[in-house]
Trainee: 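Handing you this structure, nothing more for now.
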Amino acid sequence: MELELLWIIQLAPVVAFLGIQLLPARLKKTAPAIAVLAAFAAASAASWLFWSYLHTGGQNLPQEFSHSWLAAPQALEVGFLVDRLNLLMIWLVTVIAFFVQLFSVYYMDEDPSRARYFGFLSFFAFSMTGLVLSSNLLQTFLFWELVGLTSYLLIGFWYEKTSAATAARKAFVINRLGDLGFYLGVILLFLGFGTLNFQGLTRESLVAALSPQTLTLLGLLVFTGVMGKSAQFPFHNWLPDAMEGPTPVSALIHSATMVAAGVFLLVRAFGLFSASEFTLSVILTTGFLTAFVGASMATIQNDIKKILAYSTISQLGLMVMAIGAGSSVAGMFHLSTHAFFKSLLFLTAGAFIHHTHSNDIGEIAEKGGKNDLLAVLMLVVGLASLCGLPPFSGFFSKDMILETLKEKNIFFYWGAIFVSFLTVYYSCRLLFVILFSKTGHWHGVETAHAHSDPAKLRLSRAVPLVSLAAISVGVGYFGSPLNAGLLEWLGGPAEAYFNTTLAMTTLALFLGGAGLAYARFKNPEEALKKEREGQGLILTVLRRKFFVDDAYDFVVKKIALAGAALLDAFDRKVINGWMVNGTSYNISKLGRLASRLQNGLLQDYLSWAILAGVVLIFFIVL
């Protein structure tokens with residue numbers, strides 16, 4: 001029964017992808033229905049599997065269904081691994097993928113290329129489910145690359161826009177840089193350790209088999225792949241540009257799929273990373289830099305999707321910090337809560353964008369965004385979870401990370417506190433701009449357009465938003481003092497205790513961040529104008545994105561391209577010029593010279609013979 005459900009989860013999306021590609025042109029309009037039904041089948045199978053094991057307390061886990069693939073010194077296998085970790089993850093992925101597919105019916109209704117869109121989205125879901133269910137690192141890497149390919153296709157979906165095509169290439173190239181280290185790490189691990197199966201990659205077995213230096217090298221190499229996929233500093237800058245894709249794509253990429261894949265891998269292969277304290281220190285430091293940079297950048301953005309994108313970077317940094325501090329449970333718990341409220345926030349942003357035709361929060365407010373009551377309510381729920389306001393889910397998972405960091409390192413604890421303060425500030429800034437701005441003359445037109453949507457489109461808009469909001473509120477309960485079932489499921493404590501100090505700290509952070517945002521944005525039009533015209537070192541650093549893009553431009557344009565030009569000149573002048581072409585040219589010249597000795601004229605032969613004789617006699621006499 002388990003294996004049958006696993007095949008449904010894995011194959012339903014790819015069957016939808018192939019079916020959509022094979023549809024004749026006149027039937028392409030059925031692509032949304034095919035994709036949504038396949039996503040529903042996968043989500044239903046994953047839910048059935050997850051809840052059935054949850055009901056029995058996870059008995060008979062883990063289970064592995066594998067098959068020998070390649071005969072090497074140690075056999076390479078392919079197959080499914082089912083344990084507590086990926087049962088939770090596959091449920092997150094399939095459920096959110098279903099809601100995103102359903103919302104896309106509403107969002108992409110007027111797009112002429114929606115059949116291509118739903119095909120790519122289905123293939124993306126197939127790639128991610130394959131990654132989560134993989135039983136070993138090599139199989140994970142193969143699906144990891146498919147996730148990268150489909151993200152490239154979806155980010156650049158509107159490829160006729162130069163910015164979208166450029167963003168897709170940027171995401172693809174930066175992820176390939178990180179994946180190079182991942183690939184080398186997989187090869188060296190297999191050669192040195194003999195197996196890539198996750199069940200064999202325990203800390204104890206790795207420490208017994210490999211030297212500390214080797215374990216550090218392997219951990220850092222695999223972590224570079226995580227840095228690319230989960231947008232860790234300095235590989236984070238592809239993620240905000242990825243907003244060029246359709247908004248539901250952003251909801252899927254930024255919640256439980258692509259960017260979460262890196263954090264999932266950290267938890268899945270935690271035995272490898274925890275085998276080296278230095279590797280964990282690098283992970284912790286990288287997570288802090290990512291969280292700080294992402295939260296700082298979100299404070300000055302006016303594009304609603306980029307605010308949420310930088311927020312995602314920051315929250316991913318907090319997850320990575322938790323894992324670097326030694327708590328994979330805290331990192332995975334925050335990934336679980338973040339997946340739902342961040343997908344809710346992106347879909348809510350899509351609802352605003354769809355009717356106002358603008359990403360700018362000032363224009364959304366001017367065009368009557370606050371009159372869309374459902375979207376505003378969903379925005380409040382999502383932002384409350386993001387800020388960690390009790391009793392929303394983000395409160396429980398964020399506080400668990402703070403508690404972990406406080407026990408590990410006080411510096412990183414206060415760094416995470418500051419990041420949390422910035423999170424409240426930019427969240428309230430976004431909310432206050434939309435709520436407090438004066439609406440302009442667009443209000444009536446947009447509201448009329450909203451009411452003109454057919455009932456099925458309004459339903460495909462409302463159901464995902466309300467469902468994700470309900471889960472966002474409820475999922476935190478299973479990591480709360482009332483019920484720590486999710487923490488226990490992940491191998492954490494059977495009981496969660498209410499930390500009064502952290503609760504008071506969270507409340508102070510919320511009041512401080514919200515108060516600062518209110519003081520600055522109670523008159524949004526004037527505040528945004530001042531922000532645009534403002535000067536100073538901090539604003540310059542933020543506007544220049546901490547100079548990371550400038551550094552990449554310098555490395556690529558000044559160093560890499562200059563080096564490439566030098567190598568090109570060497571290739572043309574030396575390799576092709578002197579060696580390849582020069583050799584053939586000199587041989588050709590020698591051949592032409594030799595051909596003159598055999599021109600068929602007797603008088604020339606006699607002349608050469610006399611000349612040779614004279615030279616010979618001269619040397620003999622001499």
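All heavy atoms count here, side chains included; hydrogens, waters and symmetry mates do not. This is a predicted model, so every value here is computed, not measured.
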Trainee: Is R268 positioned over the aromatic face of F198, cation under 6.0 angstrom from the ring centre and no more than 45 degrees off axis?
Mentor: yes
Trainee: Test your reading of the model: is there a side-chain donor-acceptor pair from T166 to the backbone of T162, 3.5 Å cut-off?
Mentor: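 Judged by distance alone, yes, a pair lies under 3.5 Å.
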Trainee: One pair to check against salt bridge (charged side-chain N to carboxylate O under 4.0 Å, His left out): D568 and K573. What are the steps and the verdict?
Mentor: CA-CA 8 Å; D568 178 67; K573 298 291 186 182; over 6 Å; no
Trainee: For N86, is there any backbone N or O sitting under 3.5 Å from a side-chain donor or acceptor partner on D83?
Mentor: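 Yes: the side chain of D83 pairs with the backbone of N86.
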Trainee: Roughly how far, to the nearest 0.5 Å, is the OG1 atom of T94 from the CD atom of Q101?
Mentor: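 The distance works out to 12.0 Å.
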Trainee: Are the ring centres of W238 and F172 closer than 6.0 Å?
Mentor: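 Centroid distance W238-F172: not below 6.0 Å, so no.
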Trainee: Ignoring hydrogens and angles, tell me if any N or O in the side chain of S134 forms a donor-acceptor pair with the backbone of N136 under 3.5 Å.
Mentor: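 No, because the side chain of S134 does not come within donor-acceptor range (under 3.5 Å) of the backbone of N136.
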Trainee: Between R116 and F157, is NZ or CZ placed under 6.0 angstrom from the six-membered ring centre and within 45° of the ring axis?
Mentor: yes
Trainee: Under the side chain to side chain contact (heavy atoms under 4.5 Å, CB included) test against L85, which residue among V267, V132, I90 passes?
Mentor: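 Exactly one candidate clears the test, V267.
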Trainee: Ignoring hydrogens and geometry, is there a side-chain-to-backbone donor-acceptor pair from R114 to M108 under 3.5 Å?
Mentor: no
Trainee: In a check of side chain to side chain contact (heavy atoms under 4.5 Å, CB included) between I253 and each of T150, V100, I155, which one passes?
Mentor: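 Running side chain to side chain contact (heavy atoms under 4.5 Å, CB included) over T150, V100, I155 with I253 returns exactly one hit, I155.
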Trainee: With no hydrogens and no angle check, is any side-chain donor or acceptor of T216 less than 3.5 Å from a backbone partner on T279?
Mentor: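 It does not hold such a pair.
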Trainee: Is there a donor-acceptor contact under 3.5 Å from the side chain of T30 to the main chain of A33?
Mentor: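 No: the side chain of T30 does not pair with the backbone of A33.
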Trainee: With rounding to the nearest 0.5 angstrom, report the CD to CD1 distance, Q301 to I307.
Mentor: 7.0 Å
Trainee: Is a side-chain donor or acceptor of Q10 paired with a backbone partner of F126 at a separation under 3.5 angstrom?
Mentor: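 A pair under 3.5 Å: yes.
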Trainee: Between T290 (side chain only) and Q232 (backbone N and O only), is there a donor and an acceptor less than 3.5 Å apart?
Mentor: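 Answer holds: no.
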Trainee: Is S230 reaching over with its side chain to a backbone N or O of G262, donor-acceptor style, under 3.5 angstrom?
Mentor: yes
Trainee: Do side-chain atoms of K28 reach the backbone of A115 as a donor and acceptor pair under 3.5 angstrom?
Mentor: no
Trainee: To the nearest 0.5 Å, what is the distance between CZ on F143 and OG1 on T129?
Mentor: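 Result: 7.0 Å between the selected atoms.
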Trainee: Examine F65 together with F80 and report whether their ring centres are nearer than 6.0 Å.
Mentor: no
Trainee: Establish, for the pair R544 and F546, whether the NZ or CZ atom is under 6.0 angstrom from the six-membered ring centre and no further than 45 degrees off its axis.
Mentor: no
Trainee: Verify the neighbour count for atom CZ of R543: are there more than 12 heavy atoms of other residues, nucleotides or ligands below 6.0 Å?
Mentor: yes
